[in-house]
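What you see below is based on every heavy atom in this structure, not just the backbone, and it leaves out hydrogens, waters and symmetry mates. Below, read A as the first sequence line, B as the second, and so on, with proteins coming before strands; counting in each chain starts at 1.
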Amino acid sequence: MSNSVHQSTPSPNRKGKQKRIDLIEPQNESSPKRQRVLSSATRIFILADKLTTEEHDALRSLVVDLGGMNANMTFANVILTSMRAPRRIERYLNADVINRHVPVLHTSWLHDSARERLLLAYEPYKIMGGASPELEKQREELGLDVVGSSEHEQTEEKKAIPPPSPPHSDSQTLQEETNDDDSQTEDEDDATFQRALTPFQSTQQEDCEGDPDWKNVDYACMRPSPLKSKQNQALVDELEVLRLQRILAGKQEMNATAYGRAISAIKAYPHSLQPNPSNAKNLKGVGPKIAKLIVQYYEEGRIAEVDAIRKDSAFQTMSRFMQLYGVGPKRAREYYSGGARSMDDVIKMGGSLGVHLHIDECLRILPDLQRTIPRLEVEEISKTIFDELNIIAPGSTYVICGGYRRGKPESNDVDIVISLPRPLQRGEEPDRGIWNVKEQIAVMDKLLKTLKRKAFITHVVNVSTPASVYEMTYSRLELAEVVVMPSRSETIPVPRYRRVDIILGPWETHGAAVLGWTGSRQFERDIRLLAKHKGFTFHSTGLVHQGERAPLSTPQEEDIFEILGLEYMPPRLRNCDA
DNA sequence: AAAAAG
DNA sequence: TTTTTGGG
DNA sequence: ATAAAC
């Protein structure tokens, strides 16, 4: 499938690329191990004023180290200075430079780029020149978890989400390191400069886009990932096609994993990769092959292999089969190679898939299930379920997790994590014993029975109950996968079948359940990986220290972050998938 | 396919 | 060069 | 024992 693609047009632009590589290559024979951060087309002039000779020389050699060129003012396309006041700087520039709007950046840009091994965007460091930055004034309201409790409207979940936090004290320190120490004469210009350093601070949610906060780390759970990449979302969508294809093709699952990691790295990167696509390879998770694809995308506007995959009918057909509950990549391949080309063919070939959801029924409600669910409806469905539960098990609380909690405007399903009977507030001693397993199973049983009788639940796709002694003793979590049909209301003018997951667990591990059911997929993978490296195993039923059997007490998400030494990541910044 | 571990 | 890549 | 789902 793939080899038809890349080398089909080897001739013309291949030469062009070879040429570019030559251009990039020259100039540093001295230490071949050096990574190129600047393009050789970056011609930098450093204003001498206010710098000591040593500092000036150090900067010039840093430019060379990073693969750039020092130039005189006339030929420079970037000017660096340690001054902060535009009016003062102007005195040192010739008219030509000002007319050409050559960007004048603070020297910390070079230091930061060196530190990140990546050419950073000019914008946050720009003092003057360049195209005028158009600051969008869209403000995103900070979403709180929708939680419920029979006893108080306010539970610890609400308090747990901090107000829009003032961006990163951490990064401020970082900036101060690179900024020079001597004081300013012009205060008002200093203020301008500070604003320039954190350009998105006032326009975007919290600190996710202010690049001083961005770190090139290898765990997705450590870096803020917004719903959509501001600058590279189209690229992300292209790479996602490759990821899916690698899964569908089979035998390339790890390949797909690599694409997933690359995608999450790009999602977290707060600048456009367009100006310097080849630098993408400096992102952790992006290696030489994916870097090449990124270059191709930004140079030619498309990735050839992705175009081919999108057109491929086998890919399209198998993707469609995978929408059926119970059909993953393997069965999709089986159906396809068995000759199936339509959903009807699949039905004819038959076989029951999920235990309780038969394939023709699955197909019947599929048109509904393909529709996304608006946030208001997610809330209403959750409340319906919780109201019922509250009669059966008073004192419970619930949190709506999944994509909803990550701030998605539309969800594919509803994930409700319910804690019995009530999670501890911070500092509060446990005043009730844990619910025993039988009781918990009984609660789920009653809940499902009632909601079925009321014809709210139309299908019970699957119910998993803690079966083994191990599970019953240490990590009890019940999962009911159901389909509901809500009744018509103001928020639900046209009722449709909706997939709902109901998760039921004890309060001691409520935090783990919430963290584990909030996602995104890549976020979960990396938090598990991090936990493993730190000597724990984490999953939605609890955080367990290696060698132990019982999970640690983690009534709140924050408990897990804290134990793992991980900075708390608000749900809305956990969108590490495409 | 990428990065860590050996 | 080999191993790991999320866990139940 | 394996695939799929979460």
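A straight line from CD of A:E478 to P of C:dG8 spans 19 Å, rounded to a whole angstrom.
Salt bridge status for A:E380 with A:K383: absent, with no side-chain N to carboxylate O gap under 4.0 Å. Residues A:E238 and A:R310 are paired through a salt bridge, judged by an N-O separation under 4.0 Å between the basic side chain and the carboxylate. For A:D344 and A:K348, the salt-bridge test fails: no basic side-chain N is under 4.0 Å from an acidic carboxylate O.
Listed by chain and number, the residues in a ring pair (Phe, Tyr, Trp, His ring centres under 6.0 Å) with A:Y497 are A:H459 (sequence neighbours excluded). Not counting sequence neighbours, A:K330 has no partner by the side chain to side chain donor-acceptor pair (under 3.5 Å) test. A:E524 pairs by the side-chain contact (heavy atoms from CB on, under 4.5 Å) definition with A:I527, A:R528, A:F538, not counting sequence neighbours. Remark: A:F561 engages A:Y568 in a ring pair (Phe, Tyr, Trp, His ring centres under 6.0 Å) (not counting sequence neighbours). Under the ring pair (Phe, Tyr, Trp, His ring centres under 6.0 Å) criterion, A:F536 pairs with A:H545, not counting sequence neighbours. Applying the side chain to side chain donor-acceptor pair (under 3.5 Å) rule to A:Q370 yields the partners A:Q323; only residues at least two apart in sequence or on another chain are considered. Legend: residues meeting salt bridge (charged side-chain N to carboxylate O under 4.0 Å, His left out) with A:R498, ordered by chain and number and at least two apart, are A:E377.
Rounded to whole Å, the separation between the C1' atoms of C:dG7 and D:dA3 comes to 16 Å. C:dT4 and D:dC6 have their C1' atoms separated by 23 Å, given to the nearest Å. C:dG8 and B:dA3 have their C1' atoms separated by 26 Å, given to the nearest Å. C:dG6 sits 16 Å from B:dA2 when the P atoms are compared, rounded to a whole Å.
Within a 6.0 Å sphere centred on CZ of A:R371, heavy atoms belonging to other residues, nucleotides or ligands number 12 at most.
Between the side chains of A:N232 and A:Y297, not a single donor N or O lies within less than 3.5 Å of an accepting N or O.
Contacts between chain A and DNA chain B, taken as any atom within less than 4.0 angstrom of a protein heavy atom, begin and end at B:dA1 to B:dA4. The span of DNA chain D lying next to chain A, judged by atoms under 4.0 Å from heavy atoms, is bounded 5' to 3' by D:dA3 to D:dC6.
Applying the salt bridge (charged side-chain N to carboxylate O under 4.0 Å, His left out) test to every pair with at least one member in residues 253-262 of chain A, sequence neighbours left out, gives these pairs: A:R261-A:D526.
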Q: Any chance you could list the contact pattern along nucleotides 1-6 of chain C? Use B for base contacts, S for sugar-phosphate-only contacts and - for none, protein heavy atoms under 4.0 Å, 5' to 3'.
A: ----BB
Q: Could you summarise the pairing of DNA chain C as dot-bracket text, marking Watson-Crick and G-U pairs under 3.5 Å with ( ) or [ ] inside the strand and | across strands?
A: |||||.|.
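At a threshold of 4.0 angstrom between heavy atoms, the contacts of A:I290 are confined to the sugar-phosphate backbone, with no base atom among them. At the heavy-atom level, A:R499 lies under 4.0 Å from the strands shown only through sugar-phosphate atoms.
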